[in-house]
Amino acid sequence: MTTKVSPHSVDETVARLTEVVAAKGLKLFAVFDHSGEARANGLELRDTKVVVFGSPVAGTPVMEAAPLAALDLPLKALVWDDGGETKVVYAGPAELAARHGLSDELAARFAGIDAVTDAAIAG
């Protein structure tokens with residue numbers, strides 16, 4: 001897993017991440033608010049959200065070549081409060097490519113997650 005520290009709050013990091021996704025012409029599939037759902041059910045959970053995004057144009061050839069890659073697509077980034085420090089965690093491109101035995105050409109389709117998350121956590 002790739003872990004990055006964000007100087008922003010969880011909510012601000014999620015907002016910035018969704019803005020970068022839109023600016024890059026990617027599709028935002030969902031934002032799962034795990035902590036919000038926990039609170040709605042009388043439970044406590046540190047601020048925890050998952051942003052799900054990607055590109056059908058980039059992901060479809062990957063799933064054609066490796067159908068089990070559908071379990072990892074669209075791409076996902078976990079944004080959570082780790083004791084007052086906001087972290088962004090995701091399966092990196094090399095990890096995903098190795099998991100699914102992808103060629104270098106197909107593996108390159110995952111590379112955008114690094115730039116998207118870098119832009120979201122920029123100072």
Side-chain angles (χ1 to χ4, degrees):
M1 290 290 164
T2 300
T3 301
K4 298 177 180 179
V5 176
S6 173
H8 313 288
S9 69
V10 170
D11 285 339
E12 178 65 18
T13 301
V14 168
R16 291 171 63 96
L17 189 53
T18 59
E19 289 167 8
V20 173
V21 165
K24 292 191 174 288
L26 300 171
K27 179 167 179 59
L28 177 66
F29 288 93
V31 175
F32 298 116
D33 182 357
H34 291 299
S35 51
E37 290 301 317
R39 275 190 302 281
N41 286 279
L43 303 168
E44 289 188 30
L45 177 65
R46 73 185 97 207
D47 207 358
T48 304
K49 295 181 172 73
V50 176
V51 180
V52 183
F53 63 94
S55 164
V57 172
T60 300
V62 171
M63 292 182 285
E64 287 176 345
L68 294 181
L71 292 170
D72 288 313
L73 294 173
L75 298 171
K76 296 157 200 70
L78 166 64
V79 183
W80 64 295
D81 181 337
D82 185 14
E85 184 175 59
T86 300
K87 292 189 176 171
V88 178
V89 182
Y90 57 92
E95 179 181 351
L96 292 171
R99 182 181 302 156
H100 299 292
L102 299 175
S103 67
D104 290 344
E105 177 186 342
L106 288 175
R109 294 172 176 270
F110 295 129
I113 194 167
D114 290 326
V116 168
T117 54
D118 284 346
I121 65 172

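Predicted, not measured: the structure shown is a model, and the values here were computed from it.
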For [X] and [Y], which heavy atoms make the closest approach, and how far apart are they?
X	Y	result
A111	P93	CA-CG, 3.8 Å
N41	E37	ND2-O, 2.9 Å
R46	S35	O-CB, 3.3 Å
S6	T13	OG-OG1, 2.7 Å
K76	L71	NZ-O, 3.8 Å

Anything under 3.5 Å between a donor and an acceptor, one on a side chain of residues 59-68, the other on a protein residue two or more places apart or in another chain? List them.
| residue | atom | partner | partner atom | Å |
| --- | --- | --- | --- | --- |
| T60 | OG1 | P56 | O | 2.7 |

Determine, using the 4.5 Å side-chain heavy-atom cutoff (strictly less than), whether [X] and [Y] are members of one ILVMFWY cluster.
X	Y	answer
F32	M1	yes
F29	L26	no
W80	V50	yes
L28	V20	yes

- Message: So, taking the atom named NE2 in H34 and the one named CZ in R39, what distance separates them when rounded to the nearest 0.5 Å?
- Response: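 Reported value, rounded in 0.5 Å steps: 12.5 Å.
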- So how far is it from R109 CZ to L73 CG, rounded to the nearest 0.5 Å?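 Nearest 0.5 Å value for the CZ-CG distance: 11.0 Å.
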Do any side-chain atoms of residues 116-123 form donor-acceptor pairs under 3.5 angstrom with protein atoms, and if so which ones, sequence neighbours left out?
| residue | atom | partner | partner atom | Å |
| --- | --- | --- | --- | --- |
| T117 | OG1 | K4 | NZ | 2.6 |
| T117 | OG1 | Y90 | OH | 3.4 |
| T117 | OG1 | I113 | O | 2.9 |
| T117 | OG1 | D114 | O | 3.1 |
| D118 | OD1 | K4 | NZ | 2.6 |

- Task: State which residue, out of V10, V79, L78, fulfils the side chain to side chain contact (heavy atoms under 4.5 Å, CB included) condition with T48.
- Result: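 Checked V10, V79, L78 against T48; only one passes side chain to side chain contact (heavy atoms under 4.5 Å, CB included): L78.
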- Flag side-chain contact, heavy atom, 4.5 Å: L102 against F110: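 They are in contact (side-chain heavy atoms under 4.5 Å apart), so the answer is yes.
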- Kindly write out the residues that satisfy side chain to side chain contact (heavy atoms under 4.5 Å, CB included) with S9, not counting sequence neighbours, or none if the list is empty.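 Listed in chain order: D11, E12.
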